[in-house]
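Report on the following structure.
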Amino acid sequence: MANEEKPVNFIAEIIEADIRSGKHGGRVLTRFPPEPNGYLHIGHAKSIVLNFGLAQRYHGKTNLRFDDTNPTTEETAYVESIKNDIKWLGFEWAEELYTSDYFETLYEFATKLIRNGLAYVDDSTAAEIAASKGTPTEPGKPTPFRDRSVEENLSLFAEMREGKYPDGAKVLRAKIDLANPNMHLRDPLLYRIKHAHHHRTGDSWCIYPMYDFAHGQSDAIEEITHSVCTLEFVPHRPLYNWLIEQLEIYPSKQYEFARLNLNYTVMSKRKLLQLVNNNYVTGWDDPRMPTISGLRRRGYTATSIRNFCERIGVAKRENVIDVGLLEFCIREDLNKTAWRRMAVLDPVKLVITNYPEGKTEHLSGENNPEVEGGEGERPIPFSRELWIEREDFMEEAPKKFFRLAPGLMVRLKHAYVVQCTDFVKDADGRVTEIRCTYIPESKSGEDTSGLKVKGTIHWVSVPHAKTVTVRLYDRLFNAENPAADEDFTASINPDSLQVIEKAYVEPDLLHAEPGKGYQFIRKGYFTLDTGSTPDNPVFNRTVTLRDTWAKEAQKQ
RNA sequence: UGCCCGAUAGUAUAAUGGUAGUACGACAGAUUUUGGUUCUGUUUGUCUAGGUUCGAAUCCUGGUCGGGCAACCA
């Protein structure tokens, strides 16, 4: 067996059984078959991790196959984004393939069915065909074209290909069973006429195969052993098998699992496209989108997404995963890898009255306390005037408030312990300045003060502070299941983006690298936005830190 | 009122006829120069009614509930 651990899910079990029994000669070849009509989202990531992961685990391979049979919605730009996302997630496909590469073969397959009396050209309109299919409880009836001769069907189908007919004039249908309780077996459509420009085949075709006459056939052509798809294709499986059998091609097998649903978001490409087109977001890669590119821009790592996909499991039961699990996964990864930096998002000035004016000390702080050695240190300038977070001061402190208030002491991270002596308010009652004294012998690393303070706060030296833009993202929807509403845009969160034009950060943050995660101490994880420039650095908040104090404060 | 799929803690997911476990969450505590991290503990579950069996989450039957299936989309 490929490895000693027990199978990770029911599909892995099937594969192991197949390997044991020698089916497919013990070979494992899966495929990931996106349609290039949109960007990949986190639901696709589940499928990618499943398909590529299964192949890796059992020493097989995975093909990337673009299911491009509908030229009116598909574009090369989508192809590029999809390839980029899969690579970024850390997977390598064996072959890059396109269903459109098989158009000629597929056409031959269709003529074989016709020759065997198993397919016919139908001149009925879409409405007529729909009506003649019956309903789930009533059988369908044949249309007047069902019993055309093989010769007539053959020449008509050839004429369809030649472009003799306009869109919708004729279709090719399989001749199966109009009374079958499975609607998909009631003479399904195989080919339709579409005089449309295809992103790869250009204008060489004006008839295009339907999904059911392309997918299984492509699987067979590639000799895919395990064709893994989502639950909505379960009723297609009998048709999948029927066509493979009649065509006498490689017996690929289809297996279905439940797609990923995440609460507080939408996952259908149609809805995501709507968010883009109606400018609810800035694009497919808006950091609030559940797309791979959006998550990446938000600061999610490939590792965290892969871990998430493994942790949610694979089964056939409908499921809704709590977005909190995704957040757990990114925090888990970034906690171990992100370099710590200090940034003040909502500043108020703190003056250390007993610290010499004009003096600067160069303190230092480790980059990553989670790693032995801290991955080195960066210098942090310290002076008499500092920016601190407005929420870290209260005129009157409630119980268990371990921050600043008159008389209270806190440690300034990587620096000294200070005690609040006084504060200044303006005419509107807004605090404009907090005054403290510092304890010189409490310096970090050489503290001889013996003081034990409950709280530590972050800060940035006023004269050394750099200014950056910070974008605070929150969930895009307030409803747990936005798609359940008649209009899913009704529950869009109006506060899903808060822009801070001027946040103060420690100078070293100007050396931030694109694609790297940073923890703004006590505030959350951030990453440089793709639109960031050296002149105007922009940081996106990936996720906040867990905040048990916020919960406590709410109780009070 | 046809066919198909499913039902295990709040959410997911394991247990493949033999002690219902794991993760996230929640709650409590310890540690902490991040109210972060880490550690410890607690909490909550087999849809229902029968049947088979020494023994059923697992097998069988009925029911209930949820989802899917009729696009010239995939």
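A note on names: the letters A, B, ... follow the listed sequences, proteins ahead of strands, and every chain is numbered from 1.
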Distance between the [atom1] atoms of [N] and [M], in whole angstroms?
N: C27(B); M: G6(B); atom1: P; answer: 36 Å
N: A56(B); M: A23(B); atom1: P; answer: 28 Å
N: C60(B); M: G66(B); atom1: C1'; answer: 23 Å
N: A57(B); M: A49(B); atom1: P; answer: 13 Å

Of all the nucleotides listed ([options]), which has the minimum atom distance to the side chain of [X]?
X: Phe328(A); options: C24(B), U34(B), G35(B); value: C24(B)
X: Arg546(A); options: A12(B), A74(B), G36(B); value: G36(B)
X: Glu370(A); options: G36(B), C73(B), U34(B); value: G36(B)
X: Phe401(A); options: C72(B), G36(B), G35(B); value: G35(B)
X: Arg317(A); options: U34(B), C72(B), U8(B); value: U8(B)
X: Glu35(A); options: A74(B), U13(B), U33(B); value: A74(B)
X: Asn335(A); options: C72(B), U33(B), G36(B); value: G36(B)
X: Arg192(A); options: A14(B), C73(B), U34(B); value: C73(B)
X: Val234(A); options: C4(B), U13(B), U34(B); value: C4(B)

Mind checking if [X] touches a base, just sugar-phosphate, or nothing, with heavy atoms under 4.0 Å?
X: Tyr191(A); answer: nothing
X: Val417(A); answer: nothing
X: Ser124(A); answer: base
X: Thr73(A); answer: nothing
X: Val453(A); answer: nothing
X: Glu256(A); answer: nothing
X: Gly140(A); answer: nothing
X: Arg186(A); answer: nothing
X: Asp167(A); answer: nothing
X: Arg403(A); answer: base
X: Lys194(A); answer: sugar-phosphate
X: Pro238(A); answer: nothing

Nearest nucleotide by nearest heavy atom, which residue falls closer to the 5' end of RNA chain B, Glu332(A) or Asp68(A)?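 Going by which nucleotide is closer to the 5' end, it is Glu332(A).
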Heavy-atom nearest nucleotide on RNA chain B for Lys316(A) versus Asp447(A): which residue maps closer to 5'?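 Closer to the 5' end of RNA chain B: Lys316(A).
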Would [X] and [Y] count as a close aromatic pair, with their ring centres under 6.0 Å?
X: Tyr518(A); Y: Phe526(A); answer: no
X: Trp459(A); Y: Phe382(A); answer: yes
X: Tyr300(A); Y: Phe308(A); answer: no
X: Phe233(A); Y: Tyr240(A); answer: no

Does the structure show a Watson-Crick or G-U wobble partner for U52(B), both distances under 3.5 Å? Name it, or say none.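 Checking every strand shown, U52(B) finds no partner, since no pair has both distances under 3.5 Å.
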Within the structure, does a side-chain N or O atom of [X] lie under 4.0 Å from either OP1 or OP2 of [N]?
X: Arg340(A); N: G36(B); value: no
X: Lys454(A); N: U33(B); value: no
X: Lys523(A); N: G36(B); value: no

Show your working on side-chain contact (heavy atoms from CB on, under 4.5 Å) between His215(A) and Gln254(A) and close with a plain yes or no. CA-CA 10 Å; His215(A) 202 102; Gln254(A) 174 183 302; 6.0 Å; no
Evaluate whether atom CZ of Arg259(A) has more than 12 neighbouring non-hydrogen atoms of other residues, nucleotides or ligands under 6.0 angstrom away.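 Atom CZ in Arg259(A) is not packed in, count stays at 12 or less.
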Return the orientation label for the Phe488(A) and Phe477(A) ring planes: parallel under 30°, perpendicular over 60°, tilted otherwise.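 Judged by the thresholds at 30° and 60°, the geometry between Phe488(A) and Phe477(A) is tilted.
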Parallel, tilted or perpendicular: rings of Phe103(A) and Trp205(A) (30°, 60°):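 Trp205(A) and Phe103(A): perpendicular rings.
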Face-to-face stacking of Tyr211(A) with A74(B), centres under 5.5 angstrom, angle under 30°: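 No, aromatic ring not over the base.
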Lys523(A) and side-chain contact (heavy atoms from CB on, under 4.5 Å): which partner among Met342(A), Glu389(A), Arg341(A)?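 That would be Glu389(A).
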What integer distance in Å separates Trp205(A):CH2 from C72(B):C1'?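 About 17 Å, once rounded to whole Å.
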Evaluate side-chain contact (heavy atoms from CB on, under 4.5 Å) for Leu404(A) paired with Ile388(A), printing each intermediate quantity in order. CA-CA 10 Å; Leu404(A) 275 179; Ile388(A) 68 165; 4.0 Å; yes
Could you go over nucleotides 68-71 of chain B and give all protein N or O partners under 3.5 Å, atom names and distances?
| unit_1 | atom_1 | unit_2 | atom_2 | d |
| --- | --- | --- | --- | --- |
| C69(B) | O3' | His184(A) | NE2 | 3.4 |
| C69(B) | O2' | His184(A) | NE2 | 3.0 |

